[in-house]
Amino acid sequence: MAEVISIELVEQCKTIVKKKIEQSNNPIIFFHNWEHTLNVYEATTEIANNTKGISEKELYLMQIAALFHDVTACVESDNHEKKAADLAQLILTEKGVSAADIDFVKRLILSTKLAHKPIDIFECIIKDADLSHLRKGTYIREPFVNLFKEISASRKLTPAEWVAECIDFFDKNTFYTDYAKEHFQAGKEKNKEKLKELLQMEINTLEDLETQTAKVKKKKKGKKGKIELEVKSDKGIENMFRIELRNHLTLSRIADDKANTLISVNAIVISIVLSALFPKLDNNPYLTFPALSLLVSSIVTIIISIISTIPRTTHGLLTKEDVINRKGNLLFFGNFHNMAIEDFEWGIEEFIHDKDFLYKTLTRDLYFLGKVLKKKYAYLRIGYLIFVIGLIFSSFIFVFKIFSNYV
């Protein structure tokens, strides 16, 4: 029986690949390590989740391909894509994955070869994910330098030649998916400009390269106005969320206070009706209908007010699959109260390191607080209307009965 392609299978593959890479202990591997693999895996997930027409199963298979694509590069760089594809086939066969799904994964792994031109959206996604490090703000001081250390260990190459090769690489390689063009291209262009700056510097050794990349980093940080603007922008967003969340919580508290007021007032009305009016009904039968009307409206108002304050929770079990697919809201206790502590900590770790996911989660929290407020205030409106209408109707009947009784 073929293995069902699921998030559990993806997690199993992640554990296997991580173990194989970390156990290689290759002293000359600085770039093709677990950090790079995880980056490609996360980028694949990000692009796929923002591309229409990708099914859940296809996403999982792409994630598996991303995990395996460089698994053998830490041992031998020559033709490592073919060896990685063969290893993936071996492991997935043991897991009971169908031949068709294995062929799909192998094709995606082989498509990560630099010279390969993608033939469909799946290959486009994994190609873009494999080069997603080109857009990172840390590119100059980490991937760029680390890849030079790795390549220069087996090939004679000066730092200046490496900078020139990288600029040429940036020119010859492009992003294919609409999402990558929109979200990755700008970062890639900034890094290309940094490489051009390096090309103008005197770089003869690895130490020179590391020193000059630090200067580029420092120089960029020296653009105080831009950095301050970015910091202020982040603070502005955070303040907006903080203020709006506080406003929503304040409105929720006001709604609860109003509901408590309605409950208290109508409880007093019911006490007065039962203690003062009902004992006099034998001698004053004309008071029966006004008393009943006031009693019924007060009881209904109390019920509506109680409904508006009833706490509501959800299933309380977000899965790793939901978090990976950037679904759900981990900030609301109703979504995580049934999760294992390990899964919850892992989920928090995920969005702490992903600003877009963090802001999206805060946005969802704000949205669903608004939905809850809408229900609270809708019930309160009904409660107030029932109370006012009941009071007016009871008063009208009371006046009418007194007038009828004396006329």
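Values reported hereafter were calculated over all heavy atoms of this structure, with side chains retained and with hydrogens, waters and symmetry mates removed.
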Exercise. Can V40 and T44 be said to form a side-chain contact (heavy atoms from CB on, under 4.5 Å), step by step?
Worked result: CA-CA 6 Å; V40 175; T44 298; 4.1 Å; yes
Exercise. Please walk me through it: do K82 and D86 pass salt bridge (Lys or Arg N to Asp or Glu O under 4.0 Å)?
Worked result: CA-CA 6 Å; K82 174 66 168 57; D86 291 341; 2.8 Å; yes
Exercise. Between L369 and L373, is a side-chain contact (heavy atoms from CB on, under 4.5 Å) present by the stated rule, with each step listed?
Worked result: CA-CA 6 Å; L369 275 174; L373 275 178; 5.6 Å; no
For this session: Apply the test side-chain contact (heavy atoms from CB on, under 4.5 Å) to residues F144 and L195: give CA-CA distance (whole Å), side-chain angles for both, the deciding distance (0.1 Å), then the verdict.
Result: CA-CA 9 Å; F144 168 72; L195 289 173; 3.5 Å; yes
Problem set entry | K192 and E189: CA distance, side-chain angles, deciding distance, side-chain contact (heavy atoms from CB on, under 4.5 Å) verdict | CA-CA 5 Å; K192 181 181 173 183; E189 291 301 322; 4.2 Å; yes
Exercise. Where do Q12 and E8 land on the side-chain hydrogen bond (donor to acceptor under 3.5 Å, both in side chains) test, with the steps shown first?
Worked result: CA-CA 6 Å; Q12 290 171 20; E8 287 75 20; over 6 Å; no
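The shortest heavy-atom contact between I302 and A267 is CD1-N, 3.8 Å. Of all heavy-atom pairs between A84 and F68, the closest is CB-O, 3.1 Å. Across all non-hydrogen atoms, the minimal contact from I126 to A65 is CD1-CB, 3.7 Å. Between V163 and L198, the closest heavy-atom pair is CG1-CB, 4.1 Å. What you find for R135 and N191 is that their closest heavy atoms are C-ND2, 3.6 Å. Annotation for A48 and M62: closest pair CB-CE, 3.7 Å, computed over non-hydrogen atoms.
Between the side chain of T72 and the backbone N or O of H80, at least one donor-acceptor pair lies under 3.5 Å. For the pair E182 (side chain) and Y179 (backbone), a donor-acceptor distance under 3.5 Å is absent. Between the K127 side chain and the H116 main chain, a donor and an acceptor come within less than 3.5 Å of each other. Checking side-chain atoms of H69 against main-chain N and O of A66 turns up a donor-acceptor pair under 3.5 Å. The backbone N or O of A73 sits nowhere less than 3.5 Å from a side-chain atom of D70 that would complete a donor-acceptor pair. Not a single donor-acceptor pair under 3.5 Å links the side chain of Y384 to the backbone N or O of T301. Here the side chain of T112 pairs no donor or acceptor atom with the backbone of L108 at under 3.5 angstrom. D128 places a side-chain N or O within donor-acceptor distance of the main-chain N or O of T177, the cut-off being under 3.5 Å.
A 6.0 Å sphere centred on NZ of K258 holds no more than 12 heavy atoms belonging to other residues, nucleotides or ligands. F396 CZ: 12 or fewer foreign heavy atoms inside a 6.0 Å radius. Taking a 6.0 Å sphere around NZ of K149, one finds it holds more than 12 heavy atoms contributed by other residues, nucleotides or ligands.
Between F393 and S297 there is no side-chain heavy-atom pair separated by less than 4.5 Å. When side chains are defined from C-beta on, F104 counts as touching R107, because their heavy atoms get closer than 4.5 Å. Using a 4.5 Å cut-off on side-chain heavy atoms (C-beta onward), L147 and W162 make contact. Residues K14 and W34 have side chains in contact (heavy-atom distance under 4.5 Å, counting atoms from C-beta outward). Inter-residue side-chain proximity for T37 and V71 is flagged as unmet; no heavy-atom pair is nearer than 4.5 Å. Counting heavy atoms from C-beta outward, K136 and N39 have side chains that approach closer than 4.5 Å. Side-chain atoms of E58 and T51, non-hydrogen and from C-beta on, never get closer than 4.5 Å to each other. Within the 4.5 Å cutoff, the side chain of L59 has no heavy atoms near those of the S55 side chain.
Salt-bridge annotation for D101 and K57: present, with a side-chain N of the basic residue lying under 4.0 Å from a carboxylate O of the acidic one. Between D168 and K172 a salt bridge is recorded (basic side-chain N to carboxylate O distance below 4.0 Å). Classification of D130 and K113 as a salt-bridged pair fails, no side-chain N sitting under 4.0 Å from a carboxylate O.
Distance CG/L92 to SG/C13: 5.0 Å, rounded to 0.5 Å. In this structure, CG on L391 lies 6.5 Å from CG on L294, to the nearest 0.5 angstrom. In this structure, K181 NZ and K188 NZ are separated by 11.0 Å, a value rounded to the nearest 0.5 Å. Expressed to the nearest 0.5 Å, how far CG of L67 lies from NZ of K18 amounts to 11.5 Å. Distance CD/E22 to CG/N33: 9.5 Å, rounded to 0.5 Å. Separation of atoms CD1 (I54) and CD1 (I121) is listed at 6.0 Å; rounding is to 0.5 Å.
Taking the centre and axis of the six-membered ring of Y139, the NZ or CZ atom of K194 falls outside the cone set by 45° and 6.0 Å.
Looking only at atom types and distance, the side chain of D256 has no donor-acceptor partner in the side chain of T309 under 3.5 Å away.
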